[in-house]
Amino acid sequence: MKREAFSSKIGLILAAAGSAVGLGNIWKFPYIAGENGGGAFLLIYLACVIVFGVPLIMMELYIGKRSRKSPYGAFRALSGSGRWQWLSWLCVLTAVLIMGFYFVVTGWCFSYLSEALIGGFRGMSTDTLAEHFTAVTANTPRMLVFSILPVLVTSAVAWFAINKGIERMSKLLMPMLLLIMLIMVIRVLMLEGSMSGLRFFLHADFSKITPDVFIQAMGQCFFSLSIGMGTLVTYGSYMPQEQSLSQASVQVVILDTLVAFLAGVIIFPAVFSFGFNPAEGPQLVFVVLPAIFEQMSFSWLSGVLFFLLLGIAAITSTISLMEVVVAFIGEATATTRHPLNRRTSVCIVTGIAVVLVVLCLLQQTAFSVFEQLTANYLMPLGALCMSVLVGWTLSRPDEAAYLNEKGFQPWMVKAFSFVLRWVVPAMILLVFLHGLNLF
Ligand code: TRP
């Protein structure tokens, strides 16, 4: 059977950028940057994205595009043996665990969107909003409804497969996301006092730059670009043959970084303009921002647009998460006596997602364990292993020849495989050791 592929280059770019752009960009990036030297952090982040982000995205897309398979078959095809099979299990395990907590956070966004729509934050101060956040997230029946809703939306997209599902949704949602961001940037920059917020975000304070900040920037780069769990391998397997790997990687990185940057441009001026504390950390999005919107003119519209933005960013990411597992099941059962078609796989994955969501809702521990384990250990580990595999595979001249796309010089292939073999593993080990608190 012929493998379905994205119908256009832009289809792949928007789908991959949709996976990368998520809560990590809008919620996490601004406050990490704000706390770690603003503009100075931004520069380091940019360096990380260029040195690791681009090669690692290119590596994952390459694995998929070359083998036309999702991680289950791709590592086998690339290494020529079953020795790397376990790596595909690692990818799918990571995807399943991320689904558990990511759907819950997506549920918070949906729940806040529904409240913003009915004007539910009217007259609330940050104190009431903080209590409100605790109460809402502890309300299990409500959260159950709002977390299972995005599971069903995601399943519906997966059901319609690549062109009619993922590609069509990405082409609809990503432009919407960028448009909403632009509207909000303009709105926020018109606020009085917005410039001091911008100054806080962009002022380069190099005194705050410690080795620790480098490592944080690197971790954020991996997480934000969805590297290390086979999402981009899977999407790469649907990549049009004529699309350039290097160009696609650069385009995805630019989009992801642009959204993170714009999120900072939206959040800090708003925070400063209304005299809130920018170091509110994780609470910023669900507690401080609704309070700010209440004080703005067009408060209803601002709140609705912002939570719609979060919801869209989250959904395009969950779509890619589910696709990893769906493609895996299809491929893993293809040669058995009971091959499962896409729709059966989608039903199975939906079931798994619901079980994990319920688990995360009932057990706060499950939520935190899944969150920490995936971002700090499983994703870097996956990236490390893939980079070693590809780095060494590329030493075969026939493989390297494959990368000689237009404008790609032979020395670039050499540099690419050097980065994958040595630089990336060394850096990931650093992040690991940091995660283990050995520094
Ligand atoms: N990149 C996503 C974000 O910025 C988070 C993420 C990490 C992710 N790995 C993923 C999303 C895999 C989808 C699939 O929020």
Side-chain angles (χ1 to χ4, degrees), residues 14-33 45 48-49 52-53 56-57 60-61 64 70-71 90-109 150-151 153-154 157-158 166 169-170 173-174 177 181 216-236 249 252-253 255-264 282 285 309-328 349 353 356 370-383 386 431:
L14 293 181
S19 167
V21 171
L23 302 166
N25 300 59
I26 298 177
W27 160 70
K28 211 167 164 193
F29 180 82
Y31 90 79
I32 298 193
Y45 182 78
C48 286
V49 149
F52 310 110
L56 282 169
I57 291 190
E60 283 207 27
L61 290 176
S70 83
L90 179 71
C91 287
V92 82
L93 174 74
T94 313
V96 167
L97 295 184
I98 296 184
M99 273 202 300
F101 77 85
Y102 213 87
F103 274 124
V104 171
V105 182
T106 310
W108 300 348
C109 302
V151 175
V153 173
T154 310
V157 177
I166 299 177
M169 276 309 259
S170 306
L173 293 181
M174 290 308 285
L177 182 138
M181 291 206 94
Q216 283 214 35
M218 210 145 55
Q220 171 67 14
C221 161
F222 287 156
F223 183 78
S224 183
L225 293 170
S226 313
I227 292 165
M229 41 153 304
T231 324
L232 295 163
V233 174
T234 309
Y235 278 2
S249 317
V252 171
V253 165
L255 274 174
D256 185 71
T257 309
L258 181 73
V259 170
F261 177 78
L262 288 182
V285 166
L309 176 73
L310 272 185
I312 292 177
I315 280 291
T316 51
S317 295
T318 58
I319 290 173
S320 76
L321 272 175
M322 192 175 276
E323 183 59 23
V324 171
V325 192
V326 169
F328 181 90
V349 182
L356 287 172
F370 289 2
E371 188 199 345
Q372 299 292 321
L373 191 67
T374 49
N376 297 349
Y377 302 101
L378 299 181
M379 291 175 56
L381 184 65
M386 277 186 244
V431 177

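One-based numbering, in listed order, for ligands and for the atoms of each. The basis for the numbers below is simple: all heavy atoms, side chains too, and nothing from hydrogens, waters or symmetry mates.
Using a 4.5 Å heavy-atom cutoff, the side chains of L258 and L262 are in contact.
Nearest non-hydrogen protein atom to atom 12 (C) of ligand 1 is M229 SD, 3.2 Å. Distance from atom 9 (N) of ligand 1 to its nearest protein heavy atom, with residue and atom name: M379 CE, 3.4 Å.
Taking only nitrogen or oxygen atoms, main chain and side chain alike, L321 does not reach within less than 3.5 Å of ligand 1. Among the atoms of A20, some N or O lies under 3.5 angstrom from an N or O of ligand 1. On a distance-only criterion, S320 and ligand 1 share no N/O pair closer than 3.5 Å. Checked by distance only, ligand 1 and I98 stay at 3.5 Å or farther apart across all their nitrogen or oxygen atoms.
The side chain to side chain contact (heavy atoms under 4.5 Å, CB included) with T154 is formed by just one residue from the set M322, E323, M169; it is M322. Shown are T106, V285, I315; of these, the side chain to side chain contact (heavy atoms under 4.5 Å, CB included) with L310 is made only by V285.
A donor-acceptor pair is defined here as one N or O able to donate and one able to accept, closer than 3.5 Å; no such pair exists between the side chain of S19 and the backbone of A15. Using a distance-only test at 3.5 Å, with no hydrogens or angles considered, a donor-acceptor pair links the side chain of Q220 to the main chain of G24. Side-chain N or O atoms of Y102 include one that pairs as donor or acceptor with a backbone N or O of L23 at under 3.5 Å. In this structure, the side chain of S317 engages the main chain of V21 through a donor-acceptor pair within 3.5 Å.
Between S226 and T231, the shortest heavy-atom distance links the atoms O-OG1, 3.9 Å.
Within the listing of ligand 1, atoms 4 (O) sit less than 4.0 angstrom from a heavy atom of N25. Residue T231 approaches ligand 1 through these ligand atoms, each under 4.0 Å from one of its heavy atoms: 12 (C), 14 (C). Those atoms of ligand 1 that come under 4.0 Å of a heavy atom in S19, given as number and element, are 1 (N), 2 (C), 11 (C), 13 (C), 14 (C).
Between atom 10 (C) of ligand 1 and the options G18, S224, S226, G382, the minimum heavy-atom separation is to S226.
Residue contacts with ligand 1, taken as heavy atom pairs separated by less than 4.0 Å, involve F223 via backbone and side-chain atoms alike.
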